[in-house]
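Below you'll find the structure, written out as structure tokens, and then a few comments.
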Amino acid sequence: MNGRRPWVVGVSGASGTPYAAAVLRGLLAAGESVDLVVSRASRLTLLDETGIAFRDAHWQEDLRQWLARGADGKPDSFDADVSDVRHWAAGDLAAGPSSGSYPVKGMLIVPASTACVAGVALGLSKDLLQRAASVTLKERRPLVVAVRETPLNGQTLKHLVTLDEAGAVVLPASPAFYAGATHIQDLVDFVAGRVLDAAGVPHRLYRRWKGELGGGSGGD
């Protein structure tokens, strides 16, 4: 644990738990450490979207099952080594990420619900996810907010502008199609890859644009 500087990954209650799984796999594949905060609302979404119940007492087992699952719902689609993940309960406001003196590289909120966006923009800190995000902003560390909602009302747009002005990267979970996606996992991985791009974490989750039309329909 000495010298460990993780990325904090917050998972809110918005639909899109496959995005979170892909980001977590990408971070771990890049050799990054992760501190994970799964909100209470996101556990309901995870159960609804995957059938997996995320339990504090059995979080490693549940996380492995979650990360091994493909976006198409097939189990055991990926290998998942969670040995460098530390889990913090969402209600634990004395957790490491609640303090600016706790060493982290930054924070990724994937997916981010509009309620989460509002809480962070207003500095409510009602749970560890929001508190960790507020700490990330005040310490001038990277914060990427992958908002997953449509349409967006005026109040949410104002909250997103507030986050942008505070230094966060507002990254809508919007898949692109120029990379030659043929499966749902490709679309999920594109969004996850853009989140990792914003954090400066190397990955090979999608085919990058090379300035050539039709590049996504053929080979590399």
Side-chain angles (χ1 to χ4, degrees), residues 5-24 26-28 32-50 52-57 59-60 62-63 66-67 82 85-149 156 159-160 162-164 166-173 191-192 195-196 198-199:
R5 290 187 66 234
W7 284 95
V8 179
V9 176
V11 186
S12 82
S15 176
T17 54
Y19 291 131
V23 167
L24 288 165
L27 287 170
L28 296 172
E32 299 286 347
S33 301
V34 173
D35 275 22
L36 179 63
V37 182
V38 181
S39 76
R40 290 188 177 93
S42 70
R43 297 173 193 226
L44 296 176
T45 307
L46 180 64
L47 181 63
D48 186 55
E49 293 184 345
T50 70
I52 297 170
F54 193 90
R55 303 159 293 174
D56 287 337
W59 69 268
Q60 288 178 309
D62 298 336
L63 180 61
W66 179 18
L67 298 193
V82 300
V85 178
R86 184 171 184 178
H87 167 257
W88 300 96
D92 184 3
L93 291 178
S98 69
S99 172
S101 66
Y102 183 76
V104 303
K105 291 184 176 180
M107 183 172 183
L108 316 174
I109 305 178
V110 188
S113 65
T114 54
C116 173
V117 165
V120 176
L122 297 173
L124 298 183
S125 296
K126 73 170 188 176
D127 61 9
L128 180 59
L129 195 160
Q130 292 184 15
R131 172 59 185 168
S134 294
V135 168
T136 301
L137 289 175
K138 80 179 182 67
E139 297 294 327
R140 302 295 192 266
R141 294 167 180 159
L143 173 64
V144 182
V145 180
V147 60
R148 216 305 308 162
E149 185 63 86
T156 298
H159 291 151
L160 292 173
T162 296
L163 292 179
D164 176 77
V169 174
V170 175
L171 196 152
V191 172
V195 171
L196 296 178

Which atom pair, heavy atoms only, marks the closest approach of Q60 to V82? O-CG2, 4.2 Å

Sidechain-backbone polar pair: T136 side chain, G106 backbone, donor-acceptor under 3.5 Å: no

Has the side chain of R5 got a donor or acceptor atom that lies under 3.5 Å from a matching backbone atom of P103? no

When you compare the side chain of V104 with that of V135, does any pair of heavy atoms fall below 4.5 Å? no

Taking side chain as C-beta onward, heavy atoms only, is E149 less than 4.5 Å from T156? no

For the residue pair V147 and P111, establish whether any side-chain heavy-atom pair is separated by less than 4.5 Å. no

d(S134 OG, M107 CE) to nearest 0.5 Å is 9.0 Å

Taking the side chain as every heavy atom from C-beta outward, state whether V11 and L129 have any pair of such atoms under 4.5 Å apart. no

Minimal non-hydrogen separation, A192 against Y19, with atom names: CB-O, 4.3 Å

If I take atom SG from residue C116 and atom CG from residue L124, how far apart are they, to the nearest 0.5 angstrom? 10.5 Å

Does S113 offer a backbone N or O that forms a donor-acceptor pair with the side chain of S12 under 3.5 Å? yes

Going from CG on D62 to CG on L46, what distance comes out if it is rounded to the nearest 0.5 angstrom? 8.5 Å

For I109 and L143: C-alpha separation, side-chain torsions, deciding distance, then whether side chain to side chain contact (heavy atoms under 4.5 Å, CB included) applies. CA-CA 8 Å; I109 305 178; L143 173 64; 4.1 Å; yes

Taking atom OG of S99 and atom CZ of R131, what is their separation to the nearest 0.5 Å? 7.5 Å

Minimum-distance pair of heavy atoms, taken over all atoms of G96 and Y102: O-CB, 2.9 Å

Would a 4.5 Å heavy-atom cut-off, applied to side chains only, mark L137 and V120 as touching? yes

Indicate yes or no for a side-chain donor-acceptor contact from D35 to the backbone of P6 under 3.5 Å, with no hydrogens or angles considered. no

Smallest heavy-atom separation, S39 atom then S42 atom, equals O-OG, 2.7 Å

Are W7 and V144 packed together at the side-chain level, in the sense that at least one heavy-atom pair is separated by less than 4.5 angstrom? no

H87 and L63: side chain to side chain contact (heavy atoms under 4.5 Å, CB included), yes or no, with the steps? CA-CA 10 Å; H87 167 257; L63 180 61; over 6 Å; no

Closest approach of A95 and L128, non-hydrogen atoms and distance? CB-CD2, 3.6 Å

Please confirm whether the backbone N or O of G100 pairs with a side-chain atom of R141, one donor and one acceptor, at under 3.5 Å? yes

What's the spacing between L36 CG and W66 CH2 if we round to 0.5 Å? 6.5 Å

Would you say the side-chain atoms of R148 pair up with the backbone N or O of A173, donor to acceptor, closer than 3.5 Å? no

Looking at every non-hydrogen atom in both residues, tell me the closest pair between V170 and D164 and how far apart they are. CG2-N, 4.3 Å

Quick one: are L28 and L67 in side-chain contact, heavy atoms under 4.5 Å? yes

Taking D56 for its side chain and W59 for its backbone only, find out whether a donor-acceptor pair lies under 3.5 Å. no

